[in-house]
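Let me begin by presenting the structure, written as structure tokens, before commenting on it.
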Protein chains: 2
Amino acid sequence: MSSSSQRVLAVVRRQILNGERMPGEKITEVGIAAEMDVSRTPTRTALATLAAEGLIEKRSGRGFTVRSISSADVEKSIAVRAALEALAARTMAENGMPKSAEDALLQSIAYTEKVLDADEPDPDYMDGYQEANILFHETIMYQCGNDLIAHAYERIAMLPLAALGSLAFDRTNPRRELQRLTVGHSQHIIIFDAIKKRDAARAEAMMREHSHATLNYADLFVKRIYETGGAAAETAALK
Amino acid sequence: MSSSSQRVLAVVRRQILNGERMPGEKITEVGIAAEMDVSRTPTRTALATLAAEGLIEKRSGRGFTVRSISSADVEKSIAVRAALEALAARTMAENGMPKSAEDALLQSIAYTEKVLDADEPDPDYMDGYQEANILFHETIMYQCGNDLIAHAYERIAMLPLAALGSLAFDRTNPRRELQRLTVGHSQHIIIFDAIKKRDAARAEAMMREHSHATLNYADLFVKRIYETGGAAAETAALK
DNA sequence: CAAACAGATTTTGTATCCAAAGTTAAGATC
DNA sequence: GATCTTAACTTTGGATACAAAATCTGTTTG
């Protein structure tokens, strides 16, 4: 794909994820094309991609609508991601850890360690922690030796909160967040160790546990967001 | 999508899976469009879908090429399918088995039982067994309560041998095949029982074991096909 | 003989036009 | 007043035209 269709895809996707386009909102080829000042052709390919990603739904003869995401949907997408990640961890343990993967994982671990060892929790580091977390998970996903895992993952990656690192840092409770990070970090180390020692069963089990913890946390977090989601979304739409 | 693009998609996909289009063979929008006597527009959407399915690869500026599938690729796709199916079995056990799913699963089990109880193995029944097998697996996949599992599955379903029921019946060794079917059938019954009793751990473990057995069998089977694949493919291309 | 340049060809991306399918709304009829 | 019918409109799918980008080829030059 090239510039026009890529631009439309990126812009509309961002608008949906940012809540600028409300769930249930109608989306048509002509509407988007006029709005973005391009023809229907690139708009078409962009909308097809968004539909494949699950962000919009096709209503035969009535255009597309922005898909409304329930907290149940979020749980579902995280469950699928967890299963794929567990498989990826097992696969990398079986195939052996490539040098490039080892470097990336160690880099992720080192960064997180630096954050946790700081004298007092610095909120600015937390963004970095997110990056380090994403690096850890994506490294295992993409370098495990089975590219189809990442391929399947990418199909659900755009759904809210299925994306790695989509969990925001809860600034109202920094101590609890730090505890969560500490536990997550220890799990990362165990997973790294298990893969390095080619203990496939342990790597898979630990990754499963790790994802499950994230899932439980996300569950609580999401319910808090989505219960007040109506107001927040309206605010976003009004500006 | 409508008739033209759907037709192009179905035809080209079948051609690739049948070996009528060789791995590495060049595919262009204009070429397919002329061959199928349609314009480039539906051809383009069809090729985009095939690329998403992983059957063809995009070579920027040089059209697409039919992806060559190694036996390693087959193993990979089956591993992903197995992980998704295990998750589906667990999920349905957790959520409870819908009535429609119970009917379908019992129908599948009953049909397979009839095949196995026949006085002598009738090869004609084997096609029916494949259908019953597909029914069993798809019912769990599509009615487990997490539609994203099926969504992810459909992204890899078209890769050779990842598709349910793509394993042909080995007619040269009917007794062994019957044994395999018998074991598989017993596993189906256990999986059904575990889901019905909402024993999620057992359902997941049993489905994992079941898929693993299929994987191991597929491995042997595939290597036999693909080792002689060059000759067979050439034959297909020459006629 | 190798490398580089230029022209030709292929391939793709975008715009626009046309037709078909389906949806909505208004009016007529019972 | 309710329902059926019809007509206008919306929306999408497909065809064609055009332009730009990339690749290939053939020739020329060092």
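Letters A, B, ... mirror the listed sequences (proteins, then strands); counts begin at 1.
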B:Arg44: what forms a side chain to side chain donor-acceptor pair (under 3.5 Å) with it, not counting sequence neighbours?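 Partners of B:Arg44 by the side chain to side chain donor-acceptor pair (under 3.5 Å) criterion, ordered by chain and then number, come out as B:Glu29.
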Going by the rule side chain to side chain donor-acceptor pair (under 3.5 Å), which residues pair with B:Glu102 if we only count those two or more places apart in sequence or in a different chain? none
Of the nucleotides [options], which one has an atom closest to the side chain of [X]?
| X | options | result |
| --- | --- | --- |
| A:Ser4 | D:dT12, C:dT14, C:dG13 | C:dT14 |
| A:Thr28 | D:dT12, C:dG13, C:dT12 | D:dT12 |
| A:Lys26 | D:dT11, C:dT14, C:dG13 | D:dT11 |

Taking side chain to side chain contact (heavy atoms under 4.5 Å, CB included) as the definition, give me every residue that meets it alongside B:Ala34, ordered by chain and number, with sequence neighbours left out.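 Applying side chain to side chain contact (heavy atoms under 4.5 Å, CB included) to B:Ala34 gives none.
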Partner residues of A:Ser39 under the side chain to side chain contact (heavy atoms under 4.5 Å, CB included) criterion, sequence neighbours left out: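 Expected list: A:Thr41, A:Pro42.
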Atom [atom1] of [X] to atom [atom2] of [N]: distance rounded to whole Å?
| X | N | atom1 | atom2 | answer |
| --- | --- | --- | --- | --- |
| B:Lys58 | C:dT12 | NZ | C1' | 8 Å |
| B:Leu9 | D:dG13 | CG | C1' | 15 Å |
| A:Arg59 | D:dT11 | CZ | P | 14 Å |
| B:Leu47 | C:dG13 | CG | C1' | 14 Å |
| A:Gln6 | C:dT14 | CD | P | 9 Å |

Please figure out whether A:Ile27 or B:Arg62 has its closest DNA chain D nucleotide nearer the 5' end.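 Its nearest nucleotide being more 5', the pick is A:Ile27.
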Listed by chain and number, what are the salt bridge (charged side-chain N to carboxylate O under 4.0 Å, His left out) partners of B:Asp147, not counting sequence neighbours?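 B:Asp147 satisfies salt bridge (charged side-chain N to carboxylate O under 4.0 Å, His left out) with A:Arg67, A:Lys76 once adjacent residues are dropped.
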Expected list for residues 32-44 of chain A near DNA chain C, using heavy atoms below 4.0 Å, is A:Val38, A:Ser39, A:Arg40, A:Thr41, A:Pro42
Counting just side-chain N and O atoms, does B:Ser5 come under 4.0 Å of either OP1 or OP2 of D:dG14?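 Result: yes.
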Below 30° counts as parallel, above 60° as perpendicular, anything between as tilted: where do the rings of B:His137 and B:His188 land? perpendicular
